[in-house]
J.: 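Pasting a structure here, questions to come.
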Amino acid sequence: MPDALAQVRAFFDRHALALTVLPPAEGTALTALLQALPADARILSLGGDGTLNGVLPATVGTARTVGILPAGSADDFATALGLPRDSLLPALEAVRSGHTRLVDTATAQLTMADGSRLESRFVNALGTGFDAEVASVRETRFDWLSGAAGYYTALGLGWLCMRRATVAVAAAGTAVFSGRALLVSVQNSMRTGGSFHFVPGAVIDDGLLNIVVAADIGRLRILKLLPRVTKPEPWDDEQVHRFSGDKFSIGWDSPRTVHLDGEIKPPAKQVEVQVLPRSLRVFAP
């Protein structure tokens with residue numbers, strides 16, 4: 001979205017509201033900047049799901065409230081809140097109104113092939129396998145394409161090079177799937193990648209996550225599924241399995257790429273996920 005920051009500044013000036021713009025930062029540097037703010041600070045996340053993901057360590061489980069200003073390439077979680085992607089005004093008005101909502105987030109522990117571990121958080125989705133590989137291709141090779149164009153271009157290349165592997169999935173310690181699979185996605189909201197409705201009807205504050213296992217799906221079946229997955233209406237397929245719960249374990253026979261809210265992480269063999277019910281306060285319409 002062109003001049004997004006200028007639009008935000010103009011809105012705050014027009015309504016005589018104070019605004020402090022923090023210097024660009026990522027990772028631990030961003031967390032340190034945010035944690036230095038007052039305990040009840042209102043933090044605005046101007047960008048997409050990845051930008052929002054970056055503020056989670058300093059906001060989840062705190063008194064800070066996050067204003068989500070959708071200006072990214074997917075904006076899936078903003079959409080789940082009822083915020084449009086084509087205008088910042090509704091999101092800015094939600095911040096000005098002060099109306100808030102508590103939503104779920106989740107923790108993720110990734111175990112690599114060498115036994116090292118990485119702990120992180122997500123609010124919209126965690127993907128491992130094909131969808132994460134597509135996200136990685138988009139980030140590394142097609143970041144110059146905006147919006148859906150970048151995702152569909154990366155999807156096309158991923159479709160040509162796709163691979164399946166054996167995975168074991170457990171919900172709260174109980175095995176729910178074992179076999180070859182194309183991808184495993186853990187969804188808090190209904191959509192990922194800006195277009196793909198993996199769990200139509202998903203609720204972001206019900207204390208549950210939804211895990212989607214696309215089993216041994218071939219290229220032709222993917223082409224048949226795409227028109228259905230890109231619409232918000234309910235859909236089913238005999239090779240797509242969905243389970244709901246508050247805790248999941250995903251174990252691949254070889255490391256697979258992982259994304260958290262579109263942010264690419266190192267390939268992992270084991271992924272442990274647990275929901276944090278109503279742990280993030282956000283401004284919402």
Side-chain angles (χ1 to χ4, degrees), residues 49 53 56 74 76-77 80 103-111 118-135 162 164-193 195-217 221-222 225 228-229 232 234-265 267-280:
D49 298 300
N53 183 275
L56 297 181
D76 293 310
F77 200 74
V103 298
D104 301 337
T105 64
T107 60
Q109 184 177 88
L110 281 55
T111 303
L118 172 67
E119 293 189 4
S120 193
R121 301 175 185 270
F122 67 96
V123 66
N124 188 71
L126 175 151
T128 176
F130 180 69
D131 61 331
E133 289 153 8
V134 168
M162 64 183 242
R164 293 166 291 277
T166 300
V167 68
V169 179
T174 300
V176 293
F177 180 88
S178 180
R180 282 169 57 81
L182 181 66
L183 65 85
V184 179
S185 182
V186 183
Q187 297 285 140
N188 187 25
S189 85
M190 64 186 293
R191 197 180 74 186
T192 190
S195 301
F196 308 109
H197 296 82
F198 280 2
V199 188
V203 179
I204 57 176
D205 58 0
D206 61 354
L208 296 172
L209 299 170
N210 301 278
I211 195 164
V212 181
V213 182
D216 203 1
I217 294 178
R221 197 179 194 98
I222 288 177
L225 276 174
R228 297 159 63 190
V229 177
W235 62 273
D236 288 298
D237 186 272
E238 63 183 14
Q239 291 285 2
V240 178
H241 310 276
R242 299 189 185 99
F243 310 95
S244 296
D246 59 1
K247 187 176 183 180
F248 292 105
S249 173
I250 306 163
W252 291 98
D253 64 350
S254 60
R256 300 298 300 269
T257 303
V258 179
H259 84 79
L260 281 78
D261 296 331
E263 296 296 293
I264 306 303
K265 303 299 179 182
K269 285 197 67 174
Q270 188 77 21
V271 180
E272 307 286 341
V273 175
Q274 184 163 355
V275 71
L276 299 174
R278 298 170 61 85
S279 54
L280 178 67

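What you see is a predicted model; the values in this text were computed from it and never measured.
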J.: With sequence neighbours left out, what residues match Glu119 under salt bridge (charged side-chain N to carboxylate O under 4.0 Å, His left out)?
T.: none

J.: Using the rule given for side-chain contact (heavy atoms from CB on, under 4.5 Å), can you reason through Ile250 versus Val167, listing the C-alpha separation, both sets of side-chain angles and the distance that settles it, and then say yes or no?
T.: CA-CA 7 Å; Ile250 306 163; Val167 68; 3.7 Å; yes

J.: Is the shortest side-chain heavy-atom distance between Leu209 and Asp246 below 4.5 Å?
T.: no

J.: Please round to the nearest 0.5 Å and tell me the distance separating atom CD of Gln187 and atom CD1 of Ile211.
T.: 10.0 Å

J.: Would Phe198 and Val186 count as a side-chain contact (heavy atoms from CB on, under 4.5 Å) here? Give the steps.
T.: CA-CA 9 Å; Phe198 280 2; Val186 183; over 6 Å; no

J.: Show the numbers, then the answer: is there a side-chain contact (heavy atoms from CB on, under 4.5 Å) between Ile204 and Phe77?
T.: CA-CA 9 Å; Ile204 57 176; Phe77 200 74; 3.8 Å; yes

J.: I would like to know whether Ser249 and Glu272 meet side chain to side chain donor-acceptor pair (under 3.5 Å); could you show each step before the answer?
T.: CA-CA 5 Å; Ser249 173; Glu272 307 286 341; 3.1 Å; yes

J.: Return the minimal non-hydrogen interatomic distance between Gln270 and Gly251, and the atom names on each side.
T.: OE1-CA, 3.3 Å

J.: Could you walk me through whether Thr111 and Leu118 pass the side-chain contact (heavy atoms from CB on, under 4.5 Å) check?
T.: CA-CA 7 Å; Thr111 303; Leu118 172 67; over 6 Å; no

J.: Do Val273 and Phe122 touch side chain to side chain, with heavy atoms closer than 4.5 Å?
T.: yes

J.: With sequence neighbours left out, write down each residue that passes salt bridge (charged side-chain N to carboxylate O under 4.0 Å, His left out) with Arg242, or none if nothing qualifies.
T.: Asp236

J.: Is the shortest side-chain heavy-atom distance between Thr192 and His259 below 4.5 Å?
T.: yes

J.: To the nearest 0.5 Å, what is the distance between CG on Leu126 and CG on Asp131?
T.: 8.5 Å

J.: Quick one: closest heavy-atom pair of Arg256 and Ala165, and the distance?
T.: NH1-CB, 3.5 Å

J.: Any side-chain donor paired with an acceptor under 3.5 Å for Thr166 and Trp252?
T.: no

J.: Please report the shortest heavy-atom distance between Val229 and Trp235, naming the atom on each side.
T.: CG2-CZ2, 3.7 Å

J.: How long is the span from the OG1 atom in Thr105 to the CG atom in Asn124, to the nearest 0.5 Å?
T.: 12.0 Å

J.: Determine whether a donor-acceptor pair (N or O, by modelled atom type, separation under 3.5 Å) exists between the side chain of Arg164 and the backbone of Ile217.
T.: yes

J.: Taking all non-hydrogen atoms of both residues, which atom of Ala202 and which atom of Asn188 are closest, and how far apart?
T.: CB-O, 3.8 Å

J.: Taking only residues two or more places apart in sequence or in another chain, which ones pass ring pair (Phe, Tyr, Trp, His ring centres under 6.0 Å) with Phe177?
T.: His241

J.: Looking at Ala268 and Val271, what are the two nearest heavy atoms and their distance?
T.: CB-CG2, 4.3 Å

J.: Evaluate Arg221 against Glu238 for salt bridge (Lys or Arg N to Asp or Glu O under 4.0 Å), listing each step before the verdict.
T.: CA-CA 11 Å; Arg221 197 179 194 98; Glu238 63 183 14; 3.4 Å; yes

J.: Rounded to the nearest 0.5 Å, how far apart are CG of Asp76 and CZ of Phe196?
T.: 10.0 Å

J.: Determine the minimum heavy-atom distance between Leu260 and Asn53, stating which atoms define it.
T.: O-ND2, 3.9 Å

J.: According to salt bridge (charged side-chain N to carboxylate O under 4.0 Å, His left out), who are the partners of Arg180, at least two apart in sequence or on a separate chain?
T.: Asp216

J.: First locate atom CG of Leu208, then atom OG of Ser244, and finally report the distance between them rounded to the nearest 0.5 Å.
T.: 6.0 Å

J.: CG/Asp261 to CZ/Arg121 distance, rounded to the nearest 0.5 angstrom?
T.: 12.0 Å

J.: Has the side chain of Asp104 got a donor or acceptor atom that lies under 3.5 Å from a matching backbone atom of Asp206?
T.: yes

J.: Sequence neighbours excluded, which residues qualify as salt bridge (charged side-chain N to carboxylate O under 4.0 Å, His left out) partners of Asp205?
T.: Arg101

J.: Can you list the residues that meet the ring pair (Phe, Tyr, Trp, His ring centres under 6.0 Å) rule with His197, with sequence neighbours excluded?
T.: none

J.: Is Leu276 close to Thr107 at the side-chain level, that is, under 4.5 Å between some pair of heavy atoms?
T.: yes

